[in-house]
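Report on one structure; see the data block that follows.
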Number of protein chains: 2
Amino acid sequence: MISFTEENYLKAIYHLIEQEGEAVTTNAIAEKINTKAASVTDMLKKLSDKKLINYQKYQGVTLTPKGEKTALNIIRKQRLWEMFLVEKLDFKWDEVHDAAEQLEHIKSDKLIEQLDKFLNYPKVDPHGDPIPDAKGRLQIQKSHLLSKFKKNDVCIMTGVVDHSPAFLQYLDKSGITLGNEIKIKEIIEFDRSLQIITGRQKTIFISNDVAKNILVIAK
Amino acid sequence: MISFTEENYLKAIYHLIEQEGEAVTTNAIAEKINTKAASVTDMLKKLSDKKLINYQKYQGVTLTPKGEKTALNIIRKQRLWEMFLVEKLDFKWDEVHDAAEQLEHIKSDKLIEQLDKFLNYPKVDPHGDPIPDAKGRLQIQKSHLLSKFKKNDVCIMTGVVDHSPAFLQYLDKSGITLGNEIKIKEIIEFDRSLQIITGRQKTIFISNDVAKNILVIAK
DNA sequence: ATATTATTTTAGACTAGTCTAAAAGTTATT
DNA sequence: AATAACTTTTAGACTAGTCTAAAATAATAT
């Protein structure tokens with residue numbers, strides 16, 4: 001039986017690998033999980049004993065197939081619960097984090113399969129992140145950063161990089177929503193900030209920092 | 001902050017007081033929670049320090065107002081989640097226990113208030129047990145044991161004493177459901193077993209043991 | 001009223017997870 | 001190649017919750 005804490009470590013490792021693309025360091029995990037490096041080392045030994053990660057002293061970690069499957073299952077649960085909170089309980093997309101963090105650890109296969117059905121088998125969560133299926137398979141959607149696009153390009157918003165409530169609230173206020181069309185009206189050379197037209201035909205200005213945290217697909 | 005384990009102790013103590021009507025013994029708690037008396041003693045000290053129970057060595061425990069409020073809040077969450085599982089996710093009434101046991105410890109006021117609303121403010125859970133309101137108030141329904149009734153009495157089923165899956169499945173099979181009308185056709189003197197007519201006009205035989213675990217109100 | 005039995009508490013030990021401080025290993029700099 | 005700087009691991013300690021075995025208290029029976 002895998003513990004609450006072990007699950008959190010696996011999820012953190014999964015996300016770090018996803019971001020960095022290679023073996024994850026002890027320090028990176030410590031920072032992500034808000035704990036100390038020494039604690040991480042202890043846990044890495046345990047996860048290694050359970051064959052959930054590949055770990056050798058000082059060499060960083062990767063997930064074994066078993067570890068990755070476990071991580072994806074937790075992410076599946078997290079994203080389905082987020083969907084439930086937003087769709088059925090009227091949470092905003094910036095409010096779901098804390099409750100979903102707890103709900104993702106509930107152990108009941110029947111519960112999660114029925115929840116999936118109840119939500120009508122959603123493919124992405126309220127932030128546009130893909131929901132792994134029951135076998136841990138991810139539908140890869142190859143989104144790009146809005147900051148990579150050029151003047152007059154038109155695209156559809158599909159997700160965010162930064163998931164913080166502050167950023168999500170800013171997007172809400174600016175009328176930038178999942179599924180919305182975004183047209184690039186102008187790019188200011190000096191600071192790479194953008195002038196864009198949102199779905200409801202309003203022109204707004206966003207900084208390059210913001211554009212680097214918005215995921216889109218070309219239209 | 002109150003821990004998962006402390007919550008389980010409070011809930012157990014609440015139910016024991018409810019059943020026995022007086023101060024609860026260490027052994028009773030140990031049995032209920034499936035642990036050893038020594039562990040219970042340790043926890044009682046902690047709960048007492050936190051002013052959740054009234055406890056003096058060798059004298060058993062009762063709940064303080066604060067402790068009772070906390071217990072009722074956990075029970076509220078448990079029963080709302082059970083309702084959700086049965087009403088929205090198609091669980092049977094004998095399948096909800098394990099998942100609800102975990103869900104009841106999720107900490108999020110908004111979540112539970114929205115869930116209550118989503119379920120349309122139910123007054124009782126799928127077993128007929130009353131759901132405390134947000135302030136911990138219980139709507140007392142004074143049900144009686146079916147075994148206390150007489151020949152030709154007619155009543156409505158409102159709940160069960162034994163919540164075990166085996167018993168609940170037996171009731172399902174016998175067509176005895178919450179809200180159903182039950183008419184007592186005959187009482188066998190010898191063993192106090194009953195012949196009853198259920199909602200769908202079928203006559204069935206039940207033992208006195210069974211009748212002692214069915215709650216009803218007179219019609 | 002005392003002895004027996006049952007219950008409850010204490011004492012001390014164990015596990016999971018965490019921490020600090022020190023030691024060991026790795027990487028970067030000169 | 002040697003030293004400095006940084007990262008990671010070990011060692012030892014702490015907390016929450018659990019346990020067994022023994023001691024203390026209460027209840028029961030003679």
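Chain naming here is simple, since letters A, B, ... match the order of the sequence lines and numbering starts at 1 in each.
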> When you measure from the side chain of Lys36(A), which nucleotide among dC19(D), dC19(C), dT26(C) comes out closest?
Replying inline: dC19(C)
> So, is Thr26(A) close to the dT9(D) phosphate, meaning a side-chain N or O under 4.0 Å from OP1 or OP2?
Replying inline: yes
>> Given dT18(C), dT20(C), dT18(D), identify the nucleotide with an atom nearest to the side chain of Tyr9(B).
In response: dT18(D)
> Between Ile29(B) (CD1) and dT18(D) (P), how many Å, whole number?
Replying inline: 13 Å
> When you check the phosphate oxygens OP1 and OP2 of dT8(D), does a side-chain N or O of Asn27(A) lie under 4.0 Å from one of them?
Replying inline: yes
> Does the side chain of Ser3(B) get closer than 4.0 angstrom to OP1 or OP2 of dA16(D) through an N or O atom?
Replying inline: no
> Think Lys57(A) has a side-chain N or O under 4.0 angstrom from the OP1 or OP2 of dA24(C)?
Replying inline: no
>> Which is more 5' along DNA chain C, the nucleotide nearest Met43(A) or the one nearest Gly60(B)? Just name the residue.
In response: Gly60(B)
>> Whether Thr5(A) contacts dA16(C) is assessed here as follows: a side-chain N or O lying under 4.0 Å from the phosphate OP1 or OP2. Is that the case?
In response: no
> When the distance from NZ of Lys50(B) to C1' of dA16(D) is rounded to whole Å, what number comes out?
Replying inline: 10 Å
> Rounded to whole angstroms, how far apart are CD1 on Ile33(B) and C1' on dT18(D)?
Replying inline: 12 Å
> Does the ring of Tyr55(A) carry Lys45(A) above it, NZ/CZ under 6.0 angstrom from centre and within 45° of its axis?
Replying inline: no
> For the pair made of CG in Leu44(A) and C1' in dT8(D), what is the distance, rounded to whole Å?
Replying inline: 10 Å
>> Side chain of Tyr58(B), heavy atoms from C-beta onward: which of dA26(D), dA11(C), dC19(C) has the nearest atom to it?
In response: dA26(D)
>> Other residues, nucleotides and ligands only: do more than 12 of their heavy atoms fall within 6.0 Å of NZ on Lys69(A)?
In response: no
> Whole-Å distance between dA16(D) C1' and Asp49(B) CG?
Replying inline: 14 Å
> Counting only side-chain N and O atoms of Thr41(A), is one of them less than 4.0 Å from OP1 or OP2 of dT10(D)?
Replying inline: no
> Rounded to whole angstrom units, what separation is found between the CD atom of Glu31(B) and the P atom of dT8(C)?
Replying inline: 11 Å
> Glu7(B) CD to dA16(D) C1': how many Å, rounded?
Replying inline: 15 Å
> Checking all strands, does Ser39(A) fall into the base, sugar-phosphate, or nothing category for heavy-atom contacts under 4.0 angstrom?
Replying inline: base
>> Pair Arg76(B), Glu104(B) - check salt bridge (charged side-chain N to carboxylate O under 4.0 Å, His left out), show working.
In response: CA-CA 8 Å; Arg76(B) 168 174 164 76; Glu104(B) 75 193 13; over 6 Å; no
>> With a 6.0 Å cut-off on the ring centroids, do Phe84(A) and Phe84(B) count as close?
In response: yes
>> Under 6.0 Å between ring centres: does that hold for His97(A) and His163(A)?
In response: no
> Given atom CG of Asp42(B) and atom P of dT15(C), what is their separation to the nearest angstrom?
Replying inline: 17 Å
> In terms of the nearest nucleotide of DNA chain C, which residue is placed more toward the 5' end: Gln59(A) or Thr35(A)?
Replying inline: Thr35(A)
